[in-house]
Amino acid sequence: MTTFEADDFTLERTAPLTWKLEQEAGMNVPARVYASETLLEEIADDLSLEQLRNVTHLPGIYEPAIAMPDAHQGYGFPVGGVAAIDAEDGVISPGSIGYDINCGVRMLRTDLTPEDLNGKEEELVDALFDAIPSGLGAGGVVEGTTSTIEAVLDQGMKWALDQGYAVEADLDHCEDNGFREEADPRVVSSEAKDRGRKQLGSLGSGNHFLEVQRVEDIYDESVASAFGLSEDQVVVLIHCGSRGLGHQVCTDYLRKIEQEHADLLESLPDRELAAAPAGSPLAEDYYGAMNAAINFAWVNRQLITYQTRRVFADVFDRDWQDLGMELLYDVAHNIGKKETHEIDGVKRDVYVHRKGATRAFPPGHPEVPEAYRAVGQPVIIPGSMGSGSYVLRGGEKSLEKSFGSTAHGAGRLMSRTQAKQEFWGEDVQDELEAEEQIYVRAQSGATIAEEAPGVYKDVDEVVRVSQELGIGDPVVRTFPILNIKG
DNA sequence: ATGTCC
C-alpha cells in the first residue's frame, strides 16, 4: 500500500491516481484526492487538504468529498473541490460554491487560421481590449436599469436572445441552455442588482481573460470533428463570472446564514463553511439567488461574445456568421445544482457543489446537447497565459468517480501576494511577446504578475490525470495568440 | 474572485 505523508495527513493510494483520506472523528465520510504524486505534493503545500477534511463535516455529505488534481486552497472549501450533499437532509453551503458564482468558460469557433491573423495580431488585441470592459470598475457593454437586471437574473440567455445579443444556437451550446429556471430575482438584494447593473458585459480582473488561440494538437479526431475543431483553427476562449453581483449574493447569504444557523455553524470546523439546512427558507432563498447569479454570468459571457463577434467582423471585414464564430460550448466552474446521482445503487437528489470543477457528463447523457451527445459533453480547461488550454469530453467514469465532474484549470501554485514578489508584470508581458509571440493587454501590470505562467501548476499533468481516471478525455490542446485581461 | 474593510 502506497501512502503519502504530509504534515498532518496520511493518504493511502487506493487505486491509480486516487488517494484516500480515512474517515476520522467528526468526519461524516472519507475524502478523496485525484492526483499524481507530483500534483499531490503541490496540493499538500497549502491548506487544501485541511479544507477538504473540513468539508467532510458538512451534514448530509455523500462519500467522498473530492479534490481534483488542480486543487488549491480557497475560501473555506478548496478550489478544485466537489461535494454532493443530500438535497433533503443535508445542507447548501455558499462557500462551497464560491464567491464568483458561475465563473466559467466558453469557447467560440472561427473559420480563421493563424495565417489570417498574421500581422493583424496587435490590431485585433487592441480592438478587443477597447471593446470589452476589463478590470475593476470599468463598466459594462450595456448599462441596465433595475428592471433590465431583473430580466437578466430571471431569464439568463433567453434575455440575451430576446434582445438580439444571442442566437438560438448559443443557448443550445451552453450548460443548462444558459438558463436556470429556479432563479429568483426577488431574493437578490438591491445592492447586488445595483452592482450588476453597471457590469453587464465585463471581464473583471484576476484570472479572468479573453484569449484568441490556435488549435495546436488533436488527440481524438472524431470527437474533435464532432466539436467542429481542426488543427490550426483559430478559437476564442472567454473566462469570467458574475462580477460584483455574484460576489454580493455570496456575501449577503453568508452573513444571513451565519446569523440564522449559528448552531449549525458551531458544529463545523471552519466558519467559512457556513451552511443552511436543506429545505430551510434561507437554503431556498440562497438557491434562488445563486441561480439568478448563474443566469447573470451566462449573459455576461454572452455580451462579451457579442462584442467579440463585432470586433472580428470589423477587423476581418466579414460578418461573424461568415467567420464561423459559433459558440462551441459554455461550462460553469463554480456552481451548485440539484442533480440526481446513483449512490451505492440508490438514486439520490443531491446538491452538487462544484467549486473550481467542471461538469463532465459522459457520452449519451441526456443533458449533453444533441449535437455532442454521442461523444460526450465538451469540457473546457483553460491553462495559464503562456501554456494554452484544453478541450476535453466528459469521461465514461465521471458519474461513478466524481459526481459527473472533472478539473477546471491548471490551479494556482502560489498566492497572488507571493506571485507579485516573484514576477514583474511588464517583464512577463515582454517575455511572452518576444519568446512565444503571445500579445497580452491588461489594465494592470500587477494582474499580469499574479497570473504569470509560473504561478500555475502544469495543466498537461492535470489533464493527464483526468484522462487516466476516465473522468474527462482530452480532445484538443490550444495555444495562445493574444490575451486581454483586467 | 471582489467598489481587496463595516
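Only this structure's heavy atoms are used, side chains among them; waters, hydrogens and symmetry mates stay out.
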Check your understanding: Mind checking whether A:Y286 and A:I97 have side chains closer than 4.5 Å, heavy atoms only?
Key -> yes
Check your understanding: Could you state the NZ-C1' distance from A:K420 to B:dT4, rounded to the nearest angstrom?
Key -> 9 Å
Check your understanding: Under the 6.0 Å and 45° cation-pi test, does A:K158 pair with A:F179?
Key -> yes
Review point. Counting only non-hydrogen atoms, which of residues 240-248 of chain A are less than 4.0 Å from DNA chain B?
Key: A:R243, A:G244, A:H247, A:Q248
Practice item. Assign A:Q199 to base, sugar-phosphate, or nothing according to its heavy-atom contacts below 4.0 angstrom with the strands shown. Key: sugar-phosphate
Review point. To the nearest Å, how far apart are A:R255 CZ and B:dT2 P?
Key: 17 Å
Practice item. Hey, can you tell me if A:H341 and A:F403 have their rings parallel, tilted or perpendicular (30° and 60° cut-offs)? Key: perpendicular
Exercise for review: Provide, to the nearest angstrom, the distance between the CG atom belonging to A:D194 and the P atom belonging to B:dT2.
Suggested key: 17 Å
**Study point:** Protein-nucleotide distance (A:L136, atom CG; B:dT2, atom P), rounded to Å
**Key:** 6 Å
Point to revise | A:I101 CD1 to B:dT2 P, straight-line distance once rounded to whole Å | key: 12 Å
**Study point:** Separation of atom CD in A:E272 from atom P in B:dT2, rounded to whole Å
**Key:** 18 Å
Point to revise | Residues that A:H247 engages under side-chain contact (heavy atoms from CB on, under 4.5 Å), provided they are two or more places apart | key: A:Y99, A:R195, A:T251
Exercise for review: Mind calculating the distance between CG (A:N300) and C1' (B:dT2) to the nearest angstrom?
Suggested key: 14 Å
Practice item. Taking A:S242 for its side chain and A:I101 for its backbone only, find out whether a donor-acceptor pair lies under 3.5 Å. Key: yes
Review point. Reckon A:G206 touches a base, only the sugar-phosphate, or nothing at all at heavy-atom distances under 4.0 Å?
Key: sugar-phosphate
Check your understanding: Residues two or more places apart in sequence or in another chain: which of them pass side-chain contact (heavy atoms from CB on, under 4.5 Å) with A:A274?
Key -> A:L254, A:I257, A:E258, A:L265
